[in-house]
Amino acid sequence: MTEPIQIKTKLAGNPSQEPQFKTHVKSKDGRQIPVADPRATRALVSLMDMNAVLGGAASHYGGPAALAELMSALHGHVFDVAAREKKQWYDLFHIVNDAGHCENGLYALKANYQMAGLTLDSLKKFRSIESGLTGHGEVHCFPEGVFISNGPLGSAFPQTQGVAMGEAISGRNRVTVTTISDGACMEGEAKEAFAAIPGLAQTGKMGPYVLLISDNNTKLSGRIDAESFSMTPTFKSLKDLGWNVINLTEGNDLQKCYDAIVTAIEQAQANPKMPVVIHARTVKGIGTKKTAESATGGHGFPLKSPSELPAFLGEIYGGEDFPTVYNAWIDELNKWEADIKAKAVKDSGEKIQTGVSSAMVRARKAGLPVLSVTSDLPGSTGVAGFRKEFPQDSFDVGIAESNMVSTAAGLSKLGYIPVVDTFAQFGVTKGALPLTMGALSEAPVIAIFSHTGFQDAADGASHQALSYMAMVSSIPHVDVYSLSCSEEADALVYSVIENFAKARKEGQVPNSSVFFLGRENFPKSYVSPTSYELRKAQILIDTAKDKTKSVTIATTGSLVPQALQAVKDLEAKGVGAIVVNCACVNHVDVATFKSALEKTQGRMVTVEDHQLVGGFGQMLTHALLQADATVVVKSLGVHGEFGQSAYTALDLYRKHKVDASAIVETVGTFFQKSGAW
């Protein structure tokens with residue numbers, strides 16, 4: 001056996017007490033095993049989600065509700081075995097959650113046991129910048145409770161192949177147990193692991209392995225078989241691939257979940273050459289009638305106000321009295337809501353996605369063969385409006401971003417104008433190779449990739465695209481745009497579609513165009529009247545005239561509002577500024593920037609919600625230096641770090657110093673030596 005380097009675990013050990021809110025299951029030898037009450041998991045998820053919602057963040061209910069019985073049973077058994085063998089649970093098992101949107105259910109379960117440093121009060125900061133309890137499980141934020149980070153569906157499951165292989169190599173043979181959702185099983189990475197794990201196991205290269213699949217035929221956009229295609233053939237194929245399949249038709253029956261898990265672990269230990277999969281039929285959103293019957297299974301948290309919680313929790317508990325401690329929490333939430341309403345400021349903005357949808361609809365009505373090819377997130381990216389109006393021209397390939405882009409490339413080869421969409425993080429990490437191959441095949445596509453940078457604040461680092469421009473800007477024949485408002489989106493997306501059609505009709509091959517946009521609300525426009533041109537930068541404000549001290553502020557996308565706020569703050573200090581919005585980031589409008597720099601004595605600050613390496617600032621500065629521009633530049637961006645969850649992107653802008661105050665502070669470094677600051 002090859003001995004690995006010993007790495008001291010950061011995971012919390014066995015719980016020192018039974019769950020605060022508990023029930024029991026019966027073991028094979030007739031003992032009563034205490035486990036976390038699944039109703040408490042659902043209730044605690046509801047309470048912590050309400051905290052996040054009031055803070056301005058989205059949350060998930062349906063997935064963790066569906067998994068409550070499976071997770072209670074799994075952890076109850078693992079802790080029971082560890083106690084009887086007088087070992088720490090992590091010396092016997094690896095527990096990995098691939099269903100990242102269900103991590104809040106595990107936070108609730110751990111707090112119920114008061115393990116990993118969690119209490120009920122810890123849950124109240126869920127998804128805030130003050131907490132390690134991020135939207136999806138992340139090792140760098142919560143190492144006591146997360147062994148392998150999750151988030152992008154299907155990403156943790158493949159890593160467990162290596163974990164189980166390592167167990168076989170070392171001879172320790174701890175049992176690896178991984179949980180995955182049916183939606184995640186649509187990902188290419190997951191399907192590769194489905195084949196590889198039993199294949200490797202049959203040759204003796206895997207330790208004992210158990211996979212739990214929560215199958216409720218539901219994803220974010222609705223029922224899987226109705227929105228895309230049935231997963232039944234995939235799950236039926238597992239037996240032929242070499243899995244020992246245990247069919248659990250009642251995946252929300254706690255005792256049956258426990259019995260299936262105990263059997264699966266015993267069988268995996270007895271024969272590591274045959275990994276075991278529990279195919280559990282669950283109900284997404286179980287707990288309340290409304291969420292369970294919803295087409296999306298109550299994927300996001302359905303309540304808007306804490307005043308709705310008593311009835312919601314009452315239904316979860318089947319009409320029984322729920323623990324009184326919940327009432328105190330609800331009272332806190334009601335007071336917080338009242339304070340929020342008292343201080344509320346009307347939001348006059350709108351989502352950039354509005355412009356995306358209007359451009360696509362307008363182009364289709366103009367007779368252009370626009371098609372939508374999505375991978376489950378059209379409601380978040382802005383293409384849902386097009387899909388509603390033109391369902392016959394809309395396709396959902398399932399939760400499979402790489403396949404989405406490749407499918408679009410095939411449609412492009414036949415003369416269609418395909419528009420793909422997903423979150424920026426998934427689009428660039430899983431779509432970069434298909435974008436490259438599409439370009440090589442002279443099969444361009446149009447991509448709408450939303451939730452850039454820290455704009456997906458609540459979901460955490462796994463969902464925050466901080467390398468999005470760097471990943472795709474260097475692919476040949478790909479134009480990259482970063483949108484700042486809905487009016488700009490409408491104009492530029494329509495122009496790209498129109499030019500795409502024109503080039504095709506003239507026998508030319510258009511470039512692919514990738515549009516990046518944020519999640520939160522932004523002004524509909526920043527300058528009125530204005531015009532939008534592809535590859536043309538915009539001067540949004542110019543206060544440099546007659547100022548002895550002035551600077552050019554170059555920015556793009558979601559940070560435009562921060563740059564404009566900085567101009568107001570600089571004005572109070574007697575410093576002028578020119579804000580240049582560069583929508584097309586990999587084709588720099590050198591002439592506009594040179595003109596601005598001449599007015600500000602070559603001083604420039606670049607600011608972006610992106611890693612500094614390979615980002616907008618580097619591309620812009622290099623282009624200007626290549627054009628012999630006179631420039632002294634200071635760049636703001638992310639310094640080689642991951643993000644974390646926060647209620648709003650502004651919290652993260654402040655932490656990483658890319659907000660208005662950071663811009664002002666950086667501008668000051670140009671003038672402090674002269675004593676004029």
Side-chain angles (χ1 to χ4, degrees), residues 10-12 15 19-21 36 40-61 63-65 97 100-146 149-151 300-301 303-306 309 312-313 323 325-340 343 454-464 519-520 641-656:
K10 298 178 182 178
L11 292 167
Q20 180 178 352
F21 312 111
T41 297
R42 294 183 184 106
L44 292 171
V45 164
S46 302
L47 289 161
M48 63 199 287
D49 279 3
M50 193 76 253
N51 274 80
V53 168
L54 289 182
S59 292
H60 300 111
Y61 173 77
N97 176 36
H101 53 285
C102 303
E103 193 72 24
N104 51 350
L106 292 176
Y107 298 151
L109 185 146
K110 290 179 172 69
N112 196 355
Y113 278 98
Q114 294 192 32
M115 64 179 293
L118 298 186
T119 64
L120 298 191
D121 281 342
S122 304
L123 302 180
K124 297 175 182 179
K125 295 293 185 180
F126 171 57
R127 288 195 170 211
S128 79
I129 200 167
E130 304 168 51
S131 175
L133 304 185
T134 52
H136 296 258
E138 292 168 4
V139 174
H140 76 294
C141 291
F142 186 37
E144 303 88 351
V146 180
S149 297
N150 56 57
F301 188 55
L303 306 187
K304 304 299 181 185
S305 169
L309 279 169
F312 195 78
L313 300 188
V325 68
Y326 298 169
N327 287 316
W329 192 340
I330 293 171
D331 288 342
E332 291 178 22
L333 290 165
N334 282 323
K335 290 176 183 177
W336 186 15
E337 182 187 45
D339 185 56
I340 290 171
K343 298 176 181 177
F454 292 127
Q455 278 287 299
D456 195 353
D459 281 324
S462 65
H463 283 49
Q464 290 162 0
R519 175 181 195 169
E520 297 172 2
E641 299 175 353
F642 288 114
Q644 66 181 87
S645 284
Y647 287 155
T648 67
L650 183 56
D651 292 334
L652 292 160
Y653 292 161
R654 288 170 177 153
K655 177 175 180 177
H656 291 269

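The shown structure was predicted, so the numbers you read here are calculated from the model rather than taken from an experiment.
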### Task
Decide yes or no on side chain to side chain contact (heavy atoms under 4.5 Å, CB included) for Val53 and Lys304, but give the supporting numbers first.
CA-CA 7 Å; Val53 168; Lys304 304 299 181 185; 5.6 Å; no
### Message
Pair Leu650, Phe454 - check side chain to side chain contact (heavy atoms under 4.5 Å, CB included), show working.
### Response
CA-CA 8 Å; Leu650 183 56; Phe454 292 127; over 6 Å; no
### Task
Taking all non-hydrogen atoms of both residues into account, name the closest pair between Pro143 and Leu11 and its distance.
O-CD2, 3.6 Å
### Nearest heavy atoms of Met50 and Pro306, plus distance in Å
SD-N, 3.7 Å
### Task
Please examine the side chains of Asn104 and Phe301, heavy atoms only from C-beta on, and report whether any two atoms are closer than 4.5 Å.
no
### Message
Assess the residue pair Phe21 and Val325 against the criterion (side chain to side chain contact (heavy atoms under 4.5 Å, CB included)); give the C-alpha distance rounded to whole Å, side-chain angles, the decisive distance to 0.1 Å, and a yes or no.
### Response
CA-CA 11 Å; Phe21 312 111; Val325 68; 3.7 Å; yes
### Query
Does a side-chain N-to-carboxylate-O contact under 4.0 Å join Lys124 and Glu332?
yes
### Reported CG-to-CG distance for the pair Leu309 and Asn334, which is rounded to 0.5 angstrom
8.0 Å
### Message
Please give me the minimum heavy-atom distance between Gly63 and Cys102, naming the atom from each residue.
### Response
C-SG, 3.3 Å
### Query
Hey, are the side chains of Arg127 and Asp459 touching, using non-hydrogen atoms and a 4.5 Å cut-off?
yes
### Query
Side-chain contact, heavy-atom cut-off 4.5 Å: Gln644 with Leu652?
yes
### Query
Does Val146 reach the side chain of Thr134, with side-chain heavy atoms less than 4.5 Å apart?
no
### Task
Measure the shortest side-chain to side-chain distance between Val45 and Tyr107 over non-hydrogen atoms and say whether it is less than 4.5 angstrom.
no
### Task
Report the distance from atom NZ of Lys655 to atom CD of Glu641, rounding to the nearest 0.5 Å.
7.5 Å
### Task
Considering non-hydrogen atoms only, spot the tightest contact between Ser462 and Gly151 and give its length.
OG-CA, 3.4 Å
### Query
Can you tell me if Asp456 uses its side chain to pair, donor with acceptor, with the backbone of Gln464 under 3.5 Å?
no
### Query
Within a strict 4.5 Å, meaning less than it, do heavy atoms of the Leu54 and Leu333 side chains meet?
yes
### Query
Heavy atoms, side chains only, cut-off 4.5 Å: are Leu120 and Leu47 in contact?
no
### Query
For the side chain of Glu138 and the backbone of Ser149, is there at least one donor-acceptor N/O pair under 3.5 Å apart?
no
### Query
Can you find a heavy atom in the side chain of Ser46 that is under 4.5 Å from one in the side chain of Leu313?
yes
### Message
If I take atom CE from residue Met48 and atom NZ from residue Lys125, how far apart are they, to the nearest 0.5 angstrom?
### Response
13.5 Å
### Task
For the residue pair Trp336 and Tyr647, categorise the inter-ring angle as parallel (less than 30°), tilted (30 to 60°) or perpendicular (more than 60°).
tilted
### Message
Looking at every heavy atom in both Gly132 and Phe142, which two are closest together, and how far apart are they?
### Response
O-CB, 3.5 Å
### Query
Shortest non-hydrogen contact from Ala461 to Gly643?
CB-O, 3.4 Å
### Query
Got a donor-acceptor contact below 3.5 angstrom from the Glu144 side chain to the Ala12 backbone?
no
### Message
Classify the ring geometry of His101 against His60: parallel below 30°, tilted from 30° to 60°, perpendicular beyond 60°.
### Response
perpendicular
#### Entry: Stepwise side chain to side chain contact (heavy atoms under 4.5 Å, CB included) check, Phe126 with Ser131
CA-CA 6 Å; Phe126 171 57; Ser131 175; 5.7 Å; no
### Query
Looking just at side-chain N and O atoms, do Glu520 and Thr648 make a donor-acceptor pair shorter than 3.5 Å?
no
